[in-house]
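Quick note on labels: first sequence line is chain A, next is B, and so on, each numbered from 1.
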Amino acid sequence: MRFRAKIVDLACLNHFSRIINTIAKLAKTCTLRLTDSKLYFILADKVANGGVSMWCDLCQGNFFDEFQMEGVAAEHNEIYLELVPENLSRALKTAQSAKAVKIKLTNKHCPCLRVAVELPSLSSSSRIVTHDIPVGVIPRRLWNDFREPSVPDFDVSIYLPMLKTMKSVVERMKNLSNSIVIEANLSGEMNLKIETDLVSVTTHFKELGNPPWASEDGCQSSAPGRDLESMAEARIDIKKLQQLLAGQQVNPTKALCNIVSKRIVHFILLHEDVSLQYFIPALA
Amino acid sequence: AEIFQEFAVQEESVTFRINLSVLLDCLTIFGTSSLPGTSTALRMCYCGYGYPLMLFLEEGGVVTVCKINTQEPDELLDFDFCSTKVVNKIILQSEGLREAFAELDMTSEVLQVTMSPDKPYFRLSTFGNAGSAHLDYPRDSDLMEAFHCNQTQTNRYKISLLKPSAKALALSCKVSIRTDAQGFLSLQYMIRNEDGQICFVEYYCCPDEDITEAEL
């Protein structure tokens, strides 16, 4: 098992750091899956996470100038590592004005991701700051736990409103209630609602637009002939939603959510070269 | 009422009790910092006893509706502070008091206020762990807008009761300080909002009864 990669371009580095910062806000521990073309950050839906799951993938070619990996075996040319993304995020913080960042999988005393940041210095030789981030190697027999989640048979799919507004509203609502109801219909309308003994607050978003889902392999995106005005709704943990919104450091190119009534809300956030999917289950 | 573009109350007075932090969260539902060029519109309605307070807020086409449950109003303390029974009155520019209030020795249990037609005219005193501190404002100071003191009065007030008024002081441009014969203190803060409209916050405090005039 080998892995080494290098980023030289500062813009790519900053972009990569922002993504890691976002992941760090969403998961304490997650799985990093490496293939020869892509990196995946995966959080499987365990009870410990509150049933939340995450899938983020990016093309290595868009970030790394050099990227070499050798998986566990020829037919399984992949590496699965368990890591604490906050550690990676902190290591990359030192790289804000770096000349280059090299990442390498090492196993001196225990498996680590070695992040070597080459910083400019006044003398002829560069300064190098090295961070060793402990990782766990996930054996092949467990790889099935981390399969790409399928898009659920949703009732409604709708584009999200401006994240800045959604973030403000959800943050205030978080002070008032533990759970929030998201409802939306196929007429581009979405409501966020909280209701407690003291207060009820509803925010109405209109004209959001509903994404057109091409029906691949014959599966229908939403029930044909579904009443356009009828709302699909799910009550979810407001902290999880707030975490997702607070973690967005850059406005995504596309942001939408799929609601399976009373079951789950599936968020998809796309930046040009990164796709982040986040599943929040409905509360009992 | 001039702060509002529309203001209609059908009864002579309407009173209810409401949770302030909930009200504040609802009023700031779109966030506290507004982008230049955006404004938030607010409409408030109350249908009467037993009904919730309704807030309708709109910003950029997004509408939020809040229904806040109201409660039985507490009995309002009537300090019976009458303008005709005022013994001493001064009006100060707030900037003069702001620093003083920020630096008050909080280890002192009381804030002592002396108002007099003679020196020291207007004095704020604290008695803390490190010692006592006195802050004097001369009657001919630039900050003094009005000075009408007829009698020397020294009163002590629990500092913990007065400290929260510093928030109103911070927003105000002028403050009027009045005492009556019983030593009740009235603080009136004049606050000017962004549109230049004026509103007042009034603070009443009774003197600390543990200390009597005789002891001073």
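Surrounding CD of B/Gln71 are more than 12 heavy atoms belonging to other residues, nucleotides or ligands, all under 6.0 Å away. Taking a 6.0 Å sphere around CZ of B/Arg123, one finds it holds more than 12 heavy atoms contributed by other residues, nucleotides or ligands. For A/Lys28, the NZ atom is loosely surrounded, since the number of other residues' heavy atoms within 6.0 Å does not exceed 12. By the neighbour-count criterion of 12 heavy atoms within 6.0 Å, atom CG of B/Asn193 is densely surrounded, having more than that number from other residues, nucleotides or ligands. The neighbour count for B/Tyr49 OH, taken as heavy atoms of other residues, nucleotides or ligands under 6.0 Å away, does not exceed 12. Taking a 6.0 Å sphere around CG of A/Asn178, one finds it holds 12 or fewer heavy atoms contributed by other residues, nucleotides or ligands.
Interface remark: A/Thr165 contributes side-chain atoms only to the contact with chain B (heavy atom separation under 4.5 Å). Looking at A/Asn191, neither its backbone nor its side chain comes within 4.5 Å of chain B, counting heavy atoms on both sides.
Of the listed residues (B/Val65, B/Ile68, B/Asn19), the one with the most heavy-atom contacts under 4.5 Å to chain A is B/Val65.
Nearest approach of B/Gly31 to A/Ser168, heavy atoms of both residues: N-CB, 3.9 Å.
When side chains are defined from C-beta on, A/Met173 counts as touching B/Ile29, because their heavy atoms get closer than 4.5 Å. A/Val199 has its side chain within reach of B/Cys26: a pair of non-hydrogen atoms, C-beta onward, lies under 4.5 Å apart.
B/Asp25 contributes atom CG, which lies 11.0 Å from atom CG of A/Leu198 (distance to the nearest 0.5 angstrom).
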